[in-house]
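Below you'll find the structure, written out as structure tokens, and then a few comments.
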Amino acid sequence: MDLLAMLRENPDLSDLLCDVCDVAILPEVQTPQDEGGHLTYNLSGKTFAKAGSGSEYILLEDGSVGYWGSEGEGGRIADSLEEFFEFVVNCPYWMDYLEEDEYQDKDDLREFAQEIFENHVESAKDSDFDLPEAQQELADRLGIERKADATDLLMRFYHCTTREPRFISTYAEEDGSTHSGTGSLFDF
């Protein structure tokens, strides 16, 4: 069974994904946000999940996963749904990892990622939430390996979000002017 179907059929598992990763699976795919007809994308796709902020995860026409942020940021996040789930489970609150300078050296990235994760664990403790335990349960139930070192996953994410063609959104103002993103999540 594919992971989307599994999550849709199991509300407890879907809730756990939302608690650990801030990814809420939609009951069915939707047309991506278009801001009343003002917002277009260079690649077509269907929204399958949202974040608490209203941001959307979009399964793109080529099978990769795009992200459109409620603040206008956007780009590709994973090359497949399987890679998407592996990434968000191992790197919860992944937007905190968007420091491009850290990706230039694997040792620096490893140290940076560990620091970010430890901060998430401490923040979760303040809410009486055991992030590592919940993360491990989620990984086990989804059949995903929980990695002690997320460096390789983060490098795969980095290459995915910066590869061509990028996933780009364009907003058209009432006066006809347009604003396009770069298609790299690292540019925000």
Less than 4.5 Å apart, side chain to side chain, heavy atoms only: is that true for [X] and [Y]?
X: Glu71; Y: Ser53; answer: no
X: Arg110; Y: Asp149; answer: yes
X: Val88; Y: Tyr93; answer: no
X: Lys106; Y: Met155; answer: yes
X: Leu26; Y: Lys50; answer: yes

Begin with the C-alpha distance, continue with both residues' side-chain angles, and end with the deciding distance and a verdict on side chain to side chain donor-acceptor pair (under 3.5 Å) for Thr47 and Glu56. CA-CA 6 Å; Thr47 300; Glu56 298 185 349; 2.9 Å; yes
To check you understand the geometry: which heavy-atom pair defines the closest contact between [X] and [Y], and what is its length?
X: Ser169; Y: Gly72; result: OG-O, 4.1 Å
X: Val65; Y: Ser80; result: CG2-O, 3.9 Å
X: Arg166; Y: Ser184; result: NH1-CB, 3.4 Å
X: Glu145; Y: Asn90; result: O-ND2, 3.1 Å
X: Ala134; Y: Phe129; result: CB-CZ, 3.5 Å
X: Ala148; Y: Gln114; result: O-OE1, 4.3 Å

Give a yes or no answer on whether the side chain of [X] reaches the backbone of [Y] with a donor-acceptor pair at less than 3.5 Å.
X: Gln33; Y: Glu35; answer: yes
X: Arg8; Y: Pro27; answer: yes
X: Asp140; Y: Gln135; answer: no
X: Ser64; Y: Leu60; answer: no
X: Arg76; Y: Pro165; answer: yes
X: Ser14; Y: Asn10; answer: no
X: Asp22; Y: Cys18; answer: no

Given the rule in the ring-ring contact (aromatic ring centres under 6.0 Å, His included) test, do Phe186 and Tyr158 qualify, once you have shown the distances and angles that lead to the verdict? CA-CA 9 Å; Phe186 287 92; Tyr158 177 74; 5.1 Å; yes
After noting the C-alpha distance and the side-chain angles of Asp101 and Asp108, does the key distance pass the side chain to side chain contact (heavy atoms under 4.5 Å, CB included) rule? CA-CA 9 Å; Asp101 292 345; Asp108 289 347; over 6 Å; no
Please report the interatomic distance [atom1]([X]) to [atom2]([Y]), rounded to the nearest 0.5 Å.
X: Phe87; Y: Glu82; atom1: CZ; atom2: CD; value: 15.5 Å
X: Met6; Y: Ile25; atom1: CE; atom2: CD1; value: 11.5 Å
X: Leu142; Y: Leu7; atom1: CG; atom2: CG; value: 5.5 Å
X: Thr151; Y: Leu109; atom1: OG1; atom2: CG; value: 5.0 Å
X: Asn42; Y: Ile168; atom1: CG; atom2: CD1; value: 5.0 Å
X: Glu122; Y: Lys125; atom1: CD; atom2: NZ; value: 4.5 Å

Please say whether more than 12 non-hydrogen atoms of neighbouring residues, nucleotides or ligands are located less than 6.0 Å from [atom1] in [X].
X: Glu100; atom1: CD; value: yes
X: Glu111; atom1: CD; value: no
X: Gln104; atom1: CD; value: yes

Passing candidate, ring pair (Phe, Tyr, Trp, His ring centres under 6.0 Å) with Tyr67, options Phe48, Phe167, Trp94, Phe157: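 That would be Trp94; it is the only one of Phe48, Phe167, Trp94, Phe157 passing the ring pair (Phe, Tyr, Trp, His ring centres under 6.0 Å) with Tyr67.
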Would a hydrophobic clustering, with Ile, Leu, Val, Met, Phe, Trp and Tyr connected at side-chain separations under 4.5 Å, put [X] with [Y]?
X: Tyr171; Y: Tyr41; value: yes
X: Leu154; Y: Leu185; value: yes
X: Tyr57; Y: Leu153; value: no
X: Val89; Y: Met95; value: yes
X: Leu3; Y: Val20; value: yes

Trace of the side chain to side chain donor-acceptor pair (under 3.5 Å) decision for His38 with Glu173: CA-CA 7 Å; His38 292 273; Glu173 299 285 350; over 6 Å; no
Hey, mind stepping through Val29 and Leu59 against side chain to side chain contact (heavy atoms under 4.5 Å, CB included) and telling me if it holds? CA-CA 9 Å; Val29 295; Leu59 182 59; over 6 Å; no
So Asp2 and Leu81, side chain to side chain contact (heavy atoms under 4.5 Å, CB included) or not? Walk me through it. CA-CA 9 Å; Asp2 75 48; Leu81 274 173; over 6 Å; no
Does the side chain to side chain donor-acceptor pair (under 3.5 Å) test come out yes or no for Glu102 and Tyr97, once each step is laid out? CA-CA 9 Å; Glu102 300 294 341; Tyr97 296 87; over 6 Å; no
Audit row: Arg163, Asp79, salt bridge (Lys or Arg N to Asp or Glu O under 4.0 Å) steps and yes/no: CA-CA 10 Å; Arg163 77 169 171 84; Asp79 282 321; 2.8 Å; yes
